[in-house]
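The structure under discussion appears below in the form of structure tokens.
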Protein chains: 2
Amino acid sequence: MATIRDVAKEAGVSVATVSRVLNDNGYVGVETRKRVTETIERLNYSPNEVARSLYKRESRLIGLLLPDITNPFFPQLARGVEDEVHQAGFRLLLGNSDEEASKELDYIQTFVQNQVVGMISATNNTDRENYEDIDLPVVFLDRTSKHHPSVFADGREGGRLAARALIDRGSTKITLIKGPAHVQPAQDRFQGALAELSKAAVDFSVLGTTSYAFEEAKTWAEELFTKHPETDGVIASNDIVGIAILHEALRLGKSIPDELQIIGFDDIPLSSLSYPSLSTIRQPAYEMGKEAAKLLIRMIKKEQEIDQMIQLPVSLIERNTTRKVDKDE
Amino acid sequence: MATIRDVAKEAGVSVATVSRVLNDNGYVGVETRKRVTETIERLNYSPNEVARSLYKRESRLIGLLLPDITNPFFPQLARGVEDEVHQAGFRLLLGNSDEEASKELDYIQTFVQNQVVGMISATNNTDRENYEDIDLPVVFLDRTSKHHPSVFADGREGGRLAARALIDRGSTKITLIKGPAHVQPAQDRFQGALAELSKAAVDFSVLGTTSYAFEEAKTWAEELFTKHPETDGVIASNDIVGIAILHEALRLGKSIPDELQIIGFDDIPLSSLSYPSLSTIRQPAYEMGKEAAKLLIRMIKKEQEIDQMIQLPVSLIERNTTRKVDKDE
DNA sequence: CCCTCTTATGTAACCGGTTACACAAAGCCT
DNA sequence: AGGCTTTGTGTAACCGGTTACATAAGAGGG
């Protein structure tokens, strides 16, 4: 690999001049610039980012910490982040925390050691000491924090919307699935739905779950129908659980949405491909990722007026696991 | 942030001694080691990876280049890579190429500039000049290359298995979906299935597609049933397309698997949650990622006996979009 | 013509680790 | 006791960029 000194020697100038050409700052004569540019081209030189980072005391990398990329909601977030960050000239260091504090800490340390310019975290322990003594820009994504700017969707409203949708469409014995207790947005949804159900004239029961894993989703689904066989409306904690419930309901021969309505949460790509296609509360995951990245970049550039909270709206996506409601009633 | 010089000064030793303690090499007196360790602890010092990388001329980062993390097959691969790489003390730099040569080149350059120790690529242009003048260890994943070690699943066999499954279970007018021409493994599957169908006494037709995107999958599904309404068995190019076809078939009121059998490819997590659950040819994506990472790490450590090709077996996952076949016939 | 400002370029310190090399003290052997 | 090896530690060069500072030539103004 050619270095800046090789280029300087070849072009008959000093390294400072080459650096000035590279970064397009300071004075450089037209003739000199041309000669340097040609030499760079000819030697196929590209500057070493590591050396640059060392002197600048920061790299062009951004750390992204996710619970688990294998959960279909997160690739969307990640992609939003990546697209925005890439465009601004940054690159991503990726980590999966698996909700383990040690892995999380481990990655935060990696990020710091590699002098990332900022980090985006979609992890659950937002108020741990982990993030306290870091002087990096940090943005929380799909999570909230008192100490750092956050980008998230309106989970409470999502929960209300889901509950209202089922109530309006005639479910009277609703089962509300409560997501894992340590997952913040799951609790927001739950609270929203709970509030709405409490206000309405319907029976409802709550089924607690402890994870979002695929395999376990099947278990919750089975549990649901043994514990509450008479239920005629389910508010799932997310689309995976929703799809698992749909699967189980069909297996039991229930007619969807006539006998049982189901509503999911997230709007992951595959939810439109289930049959019947899953009605759900959409979170704009890709946009959330983009917003988080934009916000972080603004922080990196030390711009004024940094939003502390960006809440994105959720929306009801009416597909075929809920019944149609007459527009003009 | 404390530096190694701060630690040295505080502990009353030279930087060389601190470095020796950190890396546990060279001679260090027991008493000195203790004092240095305590000082490191007290100052909460952690070494700057960037400085280390600069001197060593290589970082502890590995580049991972994927077509698109949003496609449900890739998170599995990525996770396999991550787990293996993390355990060996490396971290991941991630890029999505979107099958665009420019993005791909861009990321390869980023990897080189950041002095990654190696890279894993699941991109399509494996024999472009892109990879020629790089002197990094490179492993191709879910792709093959003549010039670099590759880890992939037995696509041809998968295609054969899929075709045989439908034939054995009585489909006689089979439609074979041909995936995008530039995606290597898609073509392997196609060739395998084609060979098997050609040998058998069944009618079949081929439907070409150009992408794997969710939205377009629905279009292929519709196209399938307008062009070949009489088909009684579909070999999909992957699970997404398979699920889209299942969805469309159910919408058209077809009875699955009695009237129409469908077989997918990949075994993405959600395929077991469709209803009827999708029969498919499983690729061990997570293991593939792990194998690729292991292989790369072996290359990084300059071990002897590097496999040039690791082919993992595929298997038929018999679920409910195919009919049962009598064991003892 | 002299002074000042702008333009152009080079020298060398610096970022924070790692390590070659030098040096000294202690242990061991004959 | 003298020589050789092992152990312990420090000095300074090095990795490859960036930039503060120095220097000098040319332009412009009175």
Side-chain angles (χ1 to χ4, degrees), chain A residues 1-37 39-40 43-61 89 91 109-117 135, chain B residues 1-37 39-40 43-61 89 91 109-117 135:
Chain A
M1 280 287 100
T3 72
I4 198 172
R5 279 163 237 270
D6 298 332
V7 175
K9 190 179 287 180
E10 275 282 311
V13 298
S14 75
V15 292
T17 300
V18 178
S19 179
R20 282 190 279 258
V21 171
L22 284 172
N23 298 292
D24 205 20
N25 58 19
Y27 294 111
V28 181
V30 259
E31 195 50 47
T32 312
R33 163 166 278 121
K34 208 177 122 202
R35 195 146 33 88
V36 170
T37 311
T39 311
I40 288 174
L43 298 189
N44 193 21
Y45 165 75
S46 90
N48 182 322
E49 266 296 310
V50 178
R52 187 187 156 284
S53 301
L54 180 58
Y55 185 86
K56 292 270 194 166
R57 287 138 164 265
E58 68 179 31
S59 69
R60 281 158 165 156
L61 300 176
R91 300 295 180 264
Q109 195 185 10
T110 300
F111 293 163
V112 171
Q113 289 183 320
N114 283 281
Q115 299 189 164
V116 301
V117 256
D135 61 350
Chain B
M1 280 286 100
T3 71
I4 198 172
R5 279 165 238 268
D6 298 332
V7 175
K9 190 179 289 180
E10 276 281 309
V13 297
S14 74
V15 293
T17 301
V18 179
S19 178
R20 282 189 278 257
V21 171
L22 284 171
N23 299 291
D24 205 21
N25 58 20
Y27 294 111
V28 181
V30 258
E31 196 49 48
T32 312
R33 160 166 281 122
K34 207 177 120 201
R35 195 148 30 87
V36 170
T37 311
T39 311
I40 288 174
L43 298 189
N44 193 19
Y45 166 76
S46 89
N48 182 321
E49 266 295 312
V50 178
R52 188 187 154 284
S53 301
L54 180 59
Y55 185 87
K56 292 271 194 162
R57 288 137 165 270
E58 70 179 30
S59 70
R60 281 158 164 155
L61 301 176
R91 300 295 179 262
Q109 196 186 8
T110 300
F111 294 162
V112 172
Q113 288 182 319
N114 282 282
Q115 299 190 164
V116 302
V117 255
D135 61 351

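These values consider heavy atoms only, across backbone and side chains, with no hydrogens, waters or symmetry-generated copies. Below, chains carry the letters A, B, ... as their sequence lines are ordered, and counting in each starts from 1.
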- Message: I need the A:Asn114 CG to A:Ser53 OG distance, nearest 0.5 Å.
- Response: 9.0 Å
- Note on the structure: By side chain to side chain donor-acceptor pair (under 3.5 Å), B:Thr110 pairs with (sequence neighbours left out) A:Arg91
Expected rows: protein N/O vs nucleotides 23-28 of chain D N/O, under 3.5 Å:
none

- Separation of B:Leu22 atom CG from C:dT18 atom P, in whole Å? 6 Å
- Would you tell me if any nitrogen or oxygen in the side chain of A:Asn23 comes within less than 4.0 Å of OP1 or OP2 on D:dT18? yes
- Interatomic distance where CG belongs to A:Leu54 and C1' belongs to D:dC14 [whole Å]: 12 Å
- Message: Protein within reach of the bases, or only the backbone? For nucleotides 21-26 of chain C, mark each nucleotide 5' to 3' as B, S or -, using heavy atoms under 4.0 Å.
- Response: ------
- Listed in order of residue number, which residues of residues 8-17 of chain A have a non-hydrogen atom at under 4.0 Å from DNA chain C? A:Gly12, A:Val13, A:Ser14, A:Val15, A:Ala16, A:Thr17
- Item | Side-chain N or O of A:Tyr45 closer than 4.0 Å to phosphate OP1/OP2 of D:dG17 | yes
- Item | Atom pair OH (A:Tyr45) and CG (A:Leu22), whose distance is rounded to the nearest 0.5 Å | 5.0 Å
Show each protein N/O and nucleotides 6-8 of chain C N/O combination with a separation under 3.5 Å, one pair to a line.
unit_1 : atom_1 : unit_2  : atom_2 : d
C:dT7  : OP2    : A:Tyr27 : OH     : 2.4

- Item | A:Lys56 vs C:dC14: side-chain N/O to OP1/OP2 distance below 4.0 Å | no
- Message: Ignoring hydrogens and geometry beyond distance, is the side chain of A:Arg5 in donor-acceptor contact with the base of D:dG17 at under 3.5 Å?
- Response: yes
- Message: Going by the rule side chain to side chain donor-acceptor pair (under 3.5 Å), which residues pair with A:Asn48 if we only count those two or more places apart in sequence or in a different chain?
- Response: B:Gln115
- Query: Can you tell me how far P of C:dT19 sits from CD1 of B:Ile4, to the nearest Å?
  - Reply: 11 Å
Could you go through residues 1-11 of chain B and list every donor-acceptor pair under 3.5 Å that involves a side-chain atom there, pairing it with any protein atom two or more places apart or in another chain?
unit_1  : atom_1 : unit_2  : atom_2 : d
B:Thr3  : OG1    : B:Arg5  : N      : 3.2
B:Thr3  : OG1    : B:Asp6  : N      : 3.4
B:Asp6  : OD2    : B:Thr3  : N      : 2.9
B:Glu10 : OE1    : B:Arg42 : NH1    : 3.1
B:Glu10 : OE1    : B:Arg42 : NH2    : 3.2

- Query: How long is the line joining CG of B:Asn48 and C1' of C:dT18, in whole Å?
  - Reply: 13 Å
- Taking atom P of D:dG8 as reference, at what distance in whole Å does atom CZ of B:Arg35 sit? 13 Å
Can you list, pair by pair, the side-chain donor-acceptor contacts under 3.5 Å of residues 27-34 of chain B, counting residues two or more places apart and other chains?
unit_1  : atom_1 : unit_2  : atom_2 : d
B:Arg33 : NH2    : B:Asp24 : OD1    : 3.2

- Considering all heavy atoms of both residues, which atom of B:Ser59 and which atom of B:Val116 are nearest to each other, and what is their separation? OG-CA, 3.5 Å
- Closest to the 5' end of DNA chain D, once B:Arg33 and A:Glu49 are matched to their nearest nucleotides, is B:Arg33
- Message: Considering only residues two or more places apart or on different chains, which pairs with a residue in residues 48-58 of chain B satisfy salt bridge (charged side-chain N to carboxylate O under 4.0 Å, His left out)?
- Response: B:Glu49-B:Arg52, B:Glu49-B:Arg60
- Round to a whole Å and report the spacing from OH of A:Tyr55 to P of C:dG17. 17 Å
- Over all atoms of both residues, closest heavy-atom pair of A:Gln113 and B:Ser46: NE2-OG, 3.5 Å
- So, is A:Arg57 near the phosphate of C:dG16, with a side-chain N or O under 4.0 Å from OP1 or OP2? yes
- Message: Between A:Thr17 and A:Val13 (side chain of the first, backbone of the second, donor and acceptor by atom type, cut-off under 3.5 Å), is there such a pair?
- Response: no
- Item | With B:Arg20 via salt bridge (charged side-chain N to carboxylate O under 4.0 Å, His left out) - residues at least two apart | none
- Between D:dG16 (C1') and A:Leu43 (CG): distance, integer Å: 15 Å
- Query: Quick one: B:Glu58 CD to D:dC15 C1', roughly how many Å, whole number?
  - Reply: 13 Å
- Query: What nucleic acid atoms does A:Thr3 come within less than 4.0 Å of, heavy atoms only: base, sugar-phosphate, or nothing?
  - Reply: sugar-phosphate
- Message: Taking the axis from the first five pairs and the axis from the last five, what angle separates them in the helix from C:dC1-D:dG30 to C:dT30-D:dA1, rounded to 10 degrees?
- Response: 40°
